[in-house]
A.B. asks: 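The structure that follows is given in the form of structure tokens.
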Amino acid sequence: MSIGVTKIKIPIRADELTLDKVRPYLQYILTEFEKNKSKITKNYETYLGKHDVLSKVRPYDSDLINHRIVEPHLYAMVDFKCGYALGNPKEYAQRESIDSDDIIYLNKYWKDAKGRTVDDEVAKWVYATGVGYYFIQPKRKIVDIDNKAPFELFCQPANTCAKIYSSYIGEEPLCDLICTTIKEINDGKENEYTVMSLYLPNVYAEFKCSNLISNRFELIKTESRPLYQMLPLVEKYSNSDRLGIVEIGRSLQDAIDSLASSSLDNIDDVVNLLYIFVNVSLGGTPEEKAENFRLLKQNGVVELLPSNPQFPADLKTLAINLNHADVNTVYKQLKEALYDCLGVPLQTASVGSGNNAAAETGAGWSNAYTVMLKDINSLIKGDIDLLEHILFICKNVKGAKINDITASDIEIKYNINRSENLLIKAQAWDYFQDVPPVLRAKWVGITNEPDAAGKAIEEYKDKLAEQQAQNQTNANPTNIQE
């Protein structure tokens, strides 16, 4: 079984692409899509809490209490990653000074298109399943170009779509696929089939497939795409292997769930001890025995009368106990391994006391920041692709307000929150007081933009010194005699 979301590739070069050349590969494309869909759907459901422990059974005796504890660590880690990367929304900023208000309209359009919300939705698919998709297209009708975005932007669920690539060098994207399952009821009979929506640069086509095995794909619709020839799907991932948090951490999460569930099972099993009565009769019928036993437990008194005077009566209990201290040690090790592997700080981590605990917590955040920077190196590729789509649409509408800037003129900034361990960083800042502000900001790690922060501090100090000098002059005016 493959690891990560598989890239679907067909042996067609981008400059040779036509609908007729794609058609022979439709069965292969749909087959590979269904494989990815199954994996993505399972991973997303696991992220939402559908863990394997929910199918847990007790061996040997199905009547025993069977705890199924779901500890939602994968859910928490996906949400942490999304919040860490996008809790402070990403920004579009001009790299150089250009006499243009394009960047103002770009940010206005991004807000109108609810880009911040769509970003978060796509990021959840990325971190949960390994890949996420934006869907962007021009609006059919534009009412107010001054205030309204000329494009529509959505998060397309990753288990409904795919990009198709060339298998030749460079693996250029060839076309986009969106699959929709249709259920129709005619004369009381349900008919189910798949509609493959295929976007090529110059044509849009829909194929109907009733049965994948039959290899029959009926062309039901075609439209030319004369103007907007960019592919509408923008793919985003945090690593080139398209691996999500769920797939990486599944085995550790399953072990944690199993350990927690089995520990509670053992607690209940001990509470419900097996009582062994030796040479004692509790009654003549099963019902009488059960009632007498209930009363004995309720009253907290056991009266042992031997049923045969030649043999003494006795009462024994049987229980198999877990060593919960050892279980807790294993639980902690599994949990720490899960969080460390996925670059998420464990808030409850502590070893020793005082500085040791602070150091461990700090190390967790340091690891999280390092992993997030690595993630951004991959995420930014999708962001630039989306930006190019936005600029293309905005420049090709009537009354366009964006005309001058290009994607290379714009810097996309992720505003990662660096405020953790703020007291320790403040102490480090004071320790390096003889160091230039730019270097201090870099060394202490108190901001994502040390250069800008250092420059702002220097400008503030110069302004403050100038103000103090002016105040000193006003307080001690110089008398000039002619």
Side-chain angles (χ1 to χ4, degrees), residues 1 3-5 39-56 67-87 123-132 237-239 241-266 322-352 356-376 378-379 416-417 420-421:
M1 185 177 179
I3 304 298
V5 179
K39 177 184 293 186
I40 290 171
T41 300
K42 181 179 180 181
N43 287 338
Y44 197 75
E45 288 177 347
T46 301
Y47 152 67
L48 293 176
K50 189 178 179 181
H51 293 192
D52 290 346
V53 74
L54 294 175
S55 60
K56 168 179 167 282
H67 289 285
R68 300 180 180 93
I69 306 301
V70 172
E71 294 201 4
H73 297 292
L74 296 176
Y75 182 92
M77 286 188 284
V78 169
D79 277 15
F80 170 83
K81 286 281 194 176
C82 294
Y84 197 38
L86 298 167
K124 284 183 180 180
W125 285 97
V126 169
Y127 280 113
T129 71
V131 67
Y237 46 83
S238 63
N239 57 77
D241 297 309
R242 293 167 168 77
L243 271 168
I245 282 176
V246 173
E247 192 165 0
I248 297 172
R250 185 190 302 279
S251 60
L252 286 169
Q253 175 69 74
D254 288 344
I256 290 171
D257 290 342
S258 178
L259 201 60
S261 301
S262 298
S263 296
L264 279 181
D265 286 344
N266 179 254
L322 285 178
N323 186 324
H324 289 282
D326 292 341
V327 171
N328 288 336
T329 299
V330 175
Y331 173 84
K332 181 181 178 182
Q333 291 172 344
L334 290 171
K335 192 174 176 181
E336 289 177 353
L338 177 62
Y339 279 75
D340 288 346
C341 289
L342 293 167
V344 176
L346 185 57
Q347 300 295 330
T348 57
S350 62
V351 174
N356 289 338
E360 181 181 295
T361 303
W365 280 100
S366 177
N367 181 46
Y369 182 65
T370 301
V371 173
M372 181 54 65
L373 292 180
K374 186 273 298 177
D375 290 350
I376 290 173
S378 295
L379 294 172
I416 303 173
N417 188 346
E420 78 289 341
N421 301 317

A.B. asks: Indicate the atoms forming the closest heavy-atom contact of Leu346 with Lys335, along with that distance.
C.D. replies: CD1-CE, 3.7 Å
A.B. asks: Side chains of Asp257 and Lys56: closer than 4.5 Å at any heavy-atom pair?
C.D. replies: no
A.B. asks: With a 4.0 Å cut-off on N to O distance, would you call Asp375 and Lys81 a salt bridge?
C.D. replies: yes
A.B. asks: A side-chain contact here means heavy atoms from C-beta on lying under 4.5 Å apart; do Val131 and Trp125 qualify?
C.D. replies: no
A.B. asks: Between Asn367 and Asp340, which heavy-atom pair has the shortest distance, and what is it?
C.D. replies: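 Of all heavy-atom pairs spanning Asn367 and Asp340, the closest is ND2-O, 3.4 Å.
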A.B. asks: Measure the CZ-OG distance between Arg68 and Ser55 for me, rounded to the nearest 0.5 Å.
C.D. replies: 8.0 Å
A.B. asks: Quick one, Gln253 and Asp52 - any side-chain contact, counting heavy atoms below 4.5 Å?
C.D. replies: no
A.B. asks: Which of these passes side chain to side chain contact (heavy atoms under 4.5 Å, CB included) with Pro345: Tyr369, Trp365, Tyr339?
C.D. replies: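 Testing each of Tyr369, Trp365, Tyr339 against Pro345, the sole residue satisfying side chain to side chain contact (heavy atoms under 4.5 Å, CB included) is Trp365.
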A.B. asks: Who passes salt bridge (Lys or Arg N to Asp or Glu O under 4.0 Å) against Lys50, sequence neighbours left out?
C.D. replies: Glu45
A.B. asks: Taking the side chain as C-beta and beyond, is there a heavy-atom pair between Val53 and Ile69 under 4.5 Å?
C.D. replies: no
A.B. asks: Please report the shortest heavy-atom distance between Thr129 and Ile40, naming the atom on each side.
C.D. replies: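 Shortest heavy-atom separation between Thr129 and Ile40 comes out as CG2-O, 3.7 Å.
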A.B. asks: With distance as the sole test, does Arg242 use its side chain to make a donor-acceptor pair with the main-chain N or O of Tyr237 at under 3.5 Å?
C.D. replies: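 Absent.
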A.B. asks: To the nearest 0.5 Å, how far apart are OG1 in Thr329 and CD in Gln333?
C.D. replies: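 Between atom OG1 of Thr329 and atom CD of Gln333 there are 6.5 Å.
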A.B. asks: For the atom pair CD1 (Ile248) and CG (Leu342), what is the distance rounded to the nearest 0.5 Å?
C.D. replies: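 It comes to 5.5 Å.
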A.B. asks: Which atom names give the shortest non-hydrogen contact between Ala85 and Met372, and what distance separates them?
C.D. replies: CB-SD, 3.7 Å
A.B. asks: Please step through side-chain contact (heavy atoms from CB on, under 4.5 Å) for the pair His73 and Leu252, ending with a clear verdict.
C.D. replies: CA-CA 10 Å; His73 297 292; Leu252 286 169; over 6 Å; no
A.B. asks: Might you point out which heavy atoms bring Asn43 and Val246 nearest each other, and give the distance in Å?
C.D. replies: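 In terms of heavy atoms, the two residues are closest at O-CG2, 3.5 Å.
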A.B. asks: Check for a donor-acceptor pair, side chain of His67 on one end and backbone N or O of Ser262 on the other, with a separation under 3.5 Å.
C.D. replies: no
A.B. asks: Taking C-beta and beyond as the side chain, do Tyr127 and Phe80 meet within less than 4.5 Å on heavy atoms?
C.D. replies: no
A.B. asks: State, yes or no, whether a side-chain contact exists between Asp254 and Arg250 at a heavy-atom distance under 4.5 Å.
C.D. replies: yes
A.B. asks: Can you classify the ring geometry of Tyr47 versus Tyr44 as parallel (below 30°), tilted (30 to 60°) or perpendicular (above 60°)?
C.D. replies: tilted
A.B. asks: Got a second to check how far Leu259's CG is from Leu334's CG, nearest 0.5 Å?
C.D. replies: 6.5 Å
A.B. asks: Which pairs pass salt bridge (Lys or Arg N to Asp or Glu O under 4.0 Å) with one or both residues in residues 70-79, sequence neighbours excluded?
C.D. replies: none
